Amino acid sequence: MSKDNEILEEFTSKEYEHGWSVDYEADEAPIGLTEDTIRWISSKKEEPKWLLDWRLKAFRHWETMDEPTWPNVKYPKIDYQALRYYSAPKQKSKPSNIDEVDPELLKIYDRLGISLNEQKRLQGIAVDAVLDSVSVGTTFKDTLSKLGVVFCSFSEAVKEHPDLVKKYLGSVVPSTDNYFAALNSAVFSDGSFCYIPKGVRCPMELSTYFRINAANTGQFERTLIIAEDKSYVSYLEGCTAPQRDENQLHAAVVEIYAAENAEVKYSTVQNWFPGDKNGKGGIYNFVTKRGICAGNHSKISWTQVETGSAVTWKYPSCILKGDHSIGEFYSVAVTNNYQQADTGTKMIHIGKNTRSRIVSKGISAGKSQNSYRGQVQVMKRATDARNFSQCDSLLMGDRCGAHTFPYIDIHNSSAKVEHEATTSKIGEDQIFYCNQRGISSEDAVALIVNGYAKEVLNQLPMEFAVEAQKLLALTLEGSVG
Amino acid sequence: MLSIKNLHAAIEGTPILKGISLEIKPGEVHAIMGPNGSGKSTLASVLAGREEYEVTEGEVYFKGKDLLDLSPEDRAREGVFLAFQYPVEIPGVSSTNFLRTAVNQVREYRGQEPLDAVKFLSLMKEKMKLVEIDQKLLSRALNEGFSGGEKKKNEIFQMAVLEPTLSILDETDSGLDIDALKVVANGVNQLKTKENATIVVTHYQRLLDYIIPDYVHVLFDGRIVKSGSKDLALELEDKGYDWIKEEISGTTV
Ligand SMILES: Nc1ncnc2c1ncn2[C@@H]1O[C@H](COP(=O)(O)OP(=O)(O)OP(=O)(O)O)[C@@H](O)[C@H]1O
Ligand SMILES: [Mg+2]
């Protein structure tokens with residue numbers, strides 16, 4: 001009792017580090033959501049008619065759908081008519097390269113520690129920065145284009161590579177897939193687009209950084225990654241938002257297409273504003289992420305470190321269609337104070353000899369609720385499919401909750417599916433042991449938590465791993481005194 | 001260096017320590033013996049600052065400072081080291097990473113520069129030799145899946161790295177095979193200086209053949225009921241605790 005409860009009581013003091021916002025002039029859609037809003041967005045973005053039609057179809061379908069209630073999360077009903085669906089920082093003219101981006105906007109990213117200036121960039125990471133609804137700029141474009149790699153904002157891709165967009169948009173996550181995916185399909189504003197041609201190993205990490213700045217504005221970005229035969233890419237996604245009293249909606253869609261022998265690694269460090277210690281404010285993070293291993297011997301690997309958001313609803317999934325294809329999901333989800341997370345994955349084995357691996361590490365503290373929800377499905381044709389799932393929960397204190405919902409659905413008797421689950425508590429005796437060696441309780445918690453999450457953190461690219469470790473420690477800072 | 005006066009401590013309202021007084025000077029080795037449940041580990045925990053134990057009476061001074069006033073980590077940083085009777089496992093955290101964090105926090109407290117990776121590794125190497133511990137063990141997660149003996153050895157290794165002023169070894173000998181016992185004792189002896197002191201909690205005279213105590217104390221029902229030289233340990237080995245119990249009841253009647 002004694003110390004664990006103290007741990008809990010002191011869980012409150014940490015302030016969210018990225019909780020500032022900046023005033024800038026913005027181009028905004030009127031509040032509310034009708035067909036006119038969608039036409040407004042589409043015309044603002046000078047989109048072709050097929051895309052407008054695609055959006056409208058999604059919207060009409062969305063209107064017939066109900067918000068899902070099956071996740072193990074509670075939040076007040078969202079009034080979709082009270083939201084703004086598009087807000088873009090006003091730029092004097094359209095930037096054709098990063099040097100022309102409004103310096104005021106670059107400053108926002110500098111404050112986040114993300115320099116968009118190519119000279120100053122960390123070696124080997126190309127960045128696309130998305131502020132509210134639009135992409136602010138993409139670095140390292142020239143280097144990449146020499147290899148035929150396309151890495152740009154989604155809007156730009158619609159203009160420059162319409163055939164690719166038309167072919168793959170909605171091919172992995174159909175516009176009617178689920179409530180939030182349909183909403184996104186109707187109103188998505190921007191996002192990143194990435195195309196790796198046949199046989200190319202992308203020589204640098206591609207990274208998108210999302211930030212919500214404007215108040216009362218939903219962020220609906222769309223990411224599409226296409227990896228052709230024998231190509232490889234490692235993609236990173238980071239996100240923050242200012243601290244606001246009201247909740248903000250973030251409903252993104254990510255689609256990944258992997259052709260024969262292609263490999264895509266997608267890593268996320270999610271640090272949206274989680275709400276204050278009393279549960280006020282914070283981002284609703286309702287995201288659909290799905291990849292298809294379309295070709296034989298292809299591989300998609302999701303790694304996520306989820307520390308932010310008031311409510312998270314997210315299941316990065318793999319459709320293992322190609323024979324011998326591999327899907328992986330590595331996740332650390334931390335919830336503190338009043339945060340709620342319902343996250344996990346779906347592995348759908350269609351091809352022969354397909355493999356999937358799930359490693360999920362939940363950490364709950366404060367009065368938070370943390371659920372793992374995972375589905376492993378083996379179809380008739382999927383001879384010799386194999387899955388291994390490891391779902392661990394770590395509890396801090398006795399007012400939080402950890403839940404595991406594994407669903408297994410097998411239609412081929414040759415399948416081998418293994419599921420392991422553990423629940424443990426950060427022990428007083430572990431903390432005391434560290435104390436006795438001169439380590440403060442706060443650092444002890446950081447040490448223990450990072451040790452617990454190690455298998456997942458090891459999957460991240462180096463710079464991200466260090467960042468993620470700090471973030472885990474920061475999320476739990478002030479937990480012990 | 002350590003001065004314990006009339007120390008009383010309770011856990012969840014149950015008194016366990018019932019008036020312990022003990023003076024320890026630099027350079028001394030004190031052995032504490034006593035039957036199971038007599039309060040030996042409790043004394044060690046109270047000195048290390050475990051919060052479940054409530055000190056109800058008495059005082060403890062360490063190097064002139066009020067020890068009971070310090071947080072557990074500050075006690076460690078001041079130089080108090082406890083080799084645990086049951087060392088704790090910390091999954092995923094390597095001994096190396098753990099110890100480096102510890103060493104640098106202790107150094108920070110003392111106003112010293114942190115050790116860089118190179119210096120730290122050479123410190124590790126030096127101490128590894130001293131307690132004959134395998135490098136492989138240290139690259140594994142801290143105590144996870146270690147055998148009983150390996151855990152105890154690792155405690156002494158940590159002690160060697162942290163170079164405490166006061167070491168409390170709580171039944172470090174139990175679970176050690178004869179060779180490991182010699183290695184551990186040898187390590188403890190080599191770390192001995194004129195400035196530091198050691199409290200050895202044990203049930204067995206055997207350890208005291210290797211770590212020769214200046215004093216032996218018998219703890220019984222939360223009190224030190226008898227103190228003597230190392231010969232007292234031999235006598236206990238020979239006769240058990242019954243004669244002491246009789247002696248006490250004799251004097252209290
Ligand atoms: N939480 C607790 N509530 C009540 N009594 C406790 C609690 N924890 C410990 N005790 C009691 O305190 C007494 C002293 O325990 P302690 O561990 O100090 O003994 P010890 O001398 O180290 O014994 P051993 O030789 O077996 O290691 C024991 O009787 C034990 O049962
Ligand atoms: Mg004991």
Side-chain angles (χ1 to χ4, degrees), chain A residues 1-10 330 332 359 361-363 390 392-396 420 422-459 465-466 468-470 472-473 480-481, chain B residues 11-12 44-45 47-54 70-95 97-110 140-144 151 154-155 157-159 161-164 167-168 170:
Chain A
M1 276 292 282
S2 55
K3 196 160 184 179
D4 271 357
N5 272 349
E6 268 172 54
I7 292 174
L8 221 73
E9 297 307 336
E10 305 206 22
Y330 295 93
V332 182
V359 178
K361 304 270 182 178
I363 302 165
Q390 170 82 49
D392 298 329
S393 311
L394 185 69
L395 298 168
M396 297 183 70
E420 284 176 17
T422 66
T423 301
S424 52
K425 261 192 156 190
I426 286 200
E428 262 171 66
D429 44 354
Q430 285 177 325
I431 293 176
F432 180 69
Y433 189 82
C434 295
N435 287 158
Q436 213 303 306
R437 299 301 185 249
I439 300 171
S440 70
S441 299
E442 222 155 66
D443 290 314
V445 170
L447 208 60
I448 295 165
V449 163
N450 279 314
Y452 165 79
K454 194 176 183 182
E455 207 184 334
V456 175
L457 298 176
N458 280 349
Q459 297 296 323
V466 175
Q469 278 194 15
K470 283 191 201 142
L472 285 184
V480 282
Chain B
I11 183 156
E12 286 167 19
S45 299
L47 293 178
R50 195 144 191 159
E51 286 181 15
E52 294 90 314
Y53 298 92
E54 189 199 348
L70 298 175
S71 67
E73 56 270 34
D74 282 351
R75 295 181 199 198
R77 293 162 184 171
E78 287 287 344
V80 175
F81 181 91
L82 171 60
F84 285 71
Q85 184 174 1
Y86 304 108
V88 176
E89 302 192 358
I90 307 187
V93 178
S94 72
S95 291
N97 187 13
F98 174 76
L99 262 182
R100 190 166 171 210
T101 310
V103 165
N104 283 336
Q105 293 212 356
V106 170
R107 290 180 68 89
E108 192 185 332
Y109 180 82
R110 295 177 185 167
R140 275 167 55 184
L142 186 64
N143 290 329
E144 199 185 31
K151 284 183 184 169
N154 191 24
E155 293 291 288
F157 171 69
Q158 292 182 24
M159 173 182 142
V161 171
L162 290 164
E163 298 178 333
S167 307
I168 307 166
D170 191 357

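The shown structure was predicted, so the numbers you read here are calculated from the model rather than taken from an experiment. So that the names make sense, note that chain A is the first sequence line, chain B the second, and so on, each numbered from 1.
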Say you draw a straight line from CD of B:Glu51 to CD1 of A:Ile431; how long is it, rounded to the nearest 0.5 Å?
10.0 Å
Give me the ring orientation class for A:Phe432 and B:Phe84: parallel if the planes are under 30° apart, tilted from 30 to 60°, perpendicular past 60°.
perpendicular
Short question: side chain of A:Arg437, backbone of B:Leu82 - any donor-acceptor pair under 3.5 Å?
yes
Applying a strict 4.5 Å limit to non-hydrogen atoms, the region of B:Leu142 in contact with chain A is side chain
Turns out that what part of B:Val80 lies under 4.5 Å from chain A's heavy atoms comes down to both
At a heavy-atom separation under 4.5 Å, does B:Glu78 approach chain A through its side chain, its backbone, both, or neither?
neither
My understanding is that only one of A:Leu447, A:Asn450, A:Ile448, A:Val449 makes a side chain to side chain contact (heavy atoms under 4.5 Å, CB included) with B:Val93; could you say which?
A:Leu447
Where A:Gln430 and B:Glu89 come nearest, the two heavy atoms and their spacing:
NE2-O, 3.0 Å
When rounded to the nearest 0.5 angstrom, what distance separates CD1 in A:Ile439 from CZ in B:Arg100?
12.5 Å
Region of B:Tyr109 that comes under 4.5 Å of a non-hydrogen atom in chain A
neither
Nearest 0.5 Å, what's the CD1-CG distance between B:Ile90 and A:Asp429?
9.0 Å
So do B:Asn143 and A:Tyr433 actually touch side chain to side chain, heavy atoms under 4.5 Å?
yes
Are any side-chain N or O atoms of A:Gln436 and backbone N or O atoms of B:Ala76, one a donor and one an acceptor, separated by less than 3.5 Å?
no
Can you tell which part of B:Arg50 gets under 4.5 Å to a heavy atom of chain A, answering side chain, backbone, both or neither?
both
Distance col, row B:Asn104:CG vs A:Asp443:CG, nearest 0.5 angstrom, shows 11.0 Å
